[in-house]
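Each residue takes its place number in the sequence, starting with 1.
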Amino acid sequence: MKKIRILAVLVIIVFIGDMVSDGTSAFMDGWNEARDSTEYRFSDVDISVKPDKTLVVDSLFNTAIQQKVPYRITSLETKIDSTFWRVTFKVLIFPFALFGLYGFYCMMRVVISVSRGKVFTRENANRMRIFVYALILVGLCMEVEHYIQYRDAVSQIQLSGYVTAPYTLHFSWFSYMILALFTEIFAVGVKMKEEQDLTI
């Protein structure tokens, strides 16, 4: 039980650290973008690209071998205009974002409960379910947003000698499914414990 409590405290510390780090980074990005009012309606996008048959390979100087070597790019960061669908989707996902925050709140309640020695309880099982499925739902919304952004970039960006690479998933859905599986196993374990307690 002592190890579980130590891990619970570590989870809280890491979670708070991530929240502060991500919040600070997002604030600074927004602050820097707000300085240039002429770009307020454009958004940054990372695009994976691959060379096509018309590419003329360029070169750069390698100081170690003292000669020019060829290079190609595989990704770039640029700005695109947000389309109606992307702006609309951002508005529509607001309730899901609130559900995601509630999921993180439930996860914090689980961690606090575990740190107090209460592990296999129905409340913890329900909180873990809310957290995991909120995480999956938010991840799905962000995946759809990335896809909309990708479609916008494909329709707006033209780079001579390169084509936009096919869309690839941004999130590890296998990890999400494993997390959901273990959550359901935990819930079954709690139910079995309750049934066993009733028979004693």
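Within the 4.5 Å cutoff, no side-chain heavy atoms of Phe174 are placed close to those of Tyr176. Side-chain contact check for Ser75 versus Lys50: every heavy-atom pair is 4.5 Å or farther apart. Using a 4.5 Å cut-off on side-chain heavy atoms (C-beta onward), Phe104 and Leu135 make contact. You'll find the side chain of Leu181 stays beyond 4.5 Å of the side chain of Met177, heavy atoms only. The shortest side-chain heavy-atom distance between Val154 and Tyr150 falls under the 4.5 Å cut-off.
With hydrophobic clusters built from ILVMFWY side chains whose heavy atoms lie under 4.5 angstrom apart, Met128 does not share a cluster with Ile178. Under the 4.5 Å side-chain heavy-atom criterion for Ile, Leu, Val, Met, Phe, Trp and Tyr, Ile65 and Leu60 are members of the same hydrophobic cluster. When hydrophobic clusters are built by joining Ile, Leu, Val, Met, Phe, Trp and Tyr residues whose side-chain heavy atoms come closer than 4.5 Å, directly or via intermediates, Phe171 is grouped together with Met107. By the rule that hydrophobic residues join a cluster once side-chain heavy atoms approach within less than 4.5 Å of another member, Trp173 and Met142 end up as members of one cluster. By the criterion of side-chain heavy atoms lying less than 4.5 angstrom apart, applied directly or through intervening Ile, Leu, Val, Met, Phe, Trp or Tyr residues, Leu137 is not grouped with Leu98; the two fall into different hydrophobic clusters.
In this structure, the separation between OH on Tyr105 and CD1 on Ile130 is 10.5 Å, given to the nearest 0.5 Å. Separating the CD atom in Glu143 from the CG atom in Leu140 is a distance of 8.0 Å, to the nearest 0.5 Å. Once rounded to the nearest 0.5 Å, the distance linking CG of Leu92 with SG of Cys141 reads 9.5 Å. Summarising the geometry, atom OG1 belonging to Thr121 is positioned 6.5 Å from atom CZ belonging to Arg127; distances are rounded to the nearest 0.5 Å. The line from OH of Tyr133 to SG of Cys106 is 14.0 Å long, rounded to the nearest 0.5 Å. The structure places CD1 of Ile157 at 4.5 Å from OG1 of Thr78, a figure rounded to the nearest 0.5 Å.
Note on ring orientation: taking the six-membered ring where Trp is involved, the planes of His170 and Tyr167 are tilted (angle from 30° to 60°).
In plain terms, the two heavy atoms of Ala180 and Ile136 that are nearest each other are CB-CD1, 4.1 Å. Nearest heavy atoms, Thr183 versus Leu179: OG1-O, 2.8 Å. Shown here for Gly100 and Ala134, the closest heavy-atom pair between the two residues is CA-CB, 4.1 Å.
Residue-environment remark: CZ (Phe99) exceeds the threshold of 12 foreign heavy atoms within 6.0 Å. The number of heavy atoms from other shown groups lying within 6.0 Å of CZ (Phe186) is above 12. Annotation: Phe94, atom CZ; neighbour count of heavy atoms from other residues, nucleotides and ligands within 6.0 Å does not exceed 12.
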CA sep, side-chain torsions, deciding dist, call: Ile80, Gln149, side-chain contact (heavy atoms from CB on, under 4.5 Å):
CA-CA 9 Å; Ile80 60 170; Gln149 188 180 56; 4.1 Å; yes
Does the side-chain contact (heavy atoms from CB on, under 4.5 Å) test come out yes or no for Phe120 and Glu194, once each step is laid out?
CA-CA 9 Å; Phe120 296 103; Glu194 289 178 346; over 6 Å; no
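Counting only residues at least two apart or in different chains, salt bridge (Lys or Arg N to Asp or Glu O under 4.0 Å) contacts with residues 173-186 comprise Arg129-Glu184.
Residues satisfying the side chain to side chain donor-acceptor pair (under 3.5 Å) criterion with Ser113, sequence neighbours excluded, are Asn124.
Here the side chain of Gln156 pairs no donor or acceptor atom with the backbone of Ala153 at under 3.5 angstrom.
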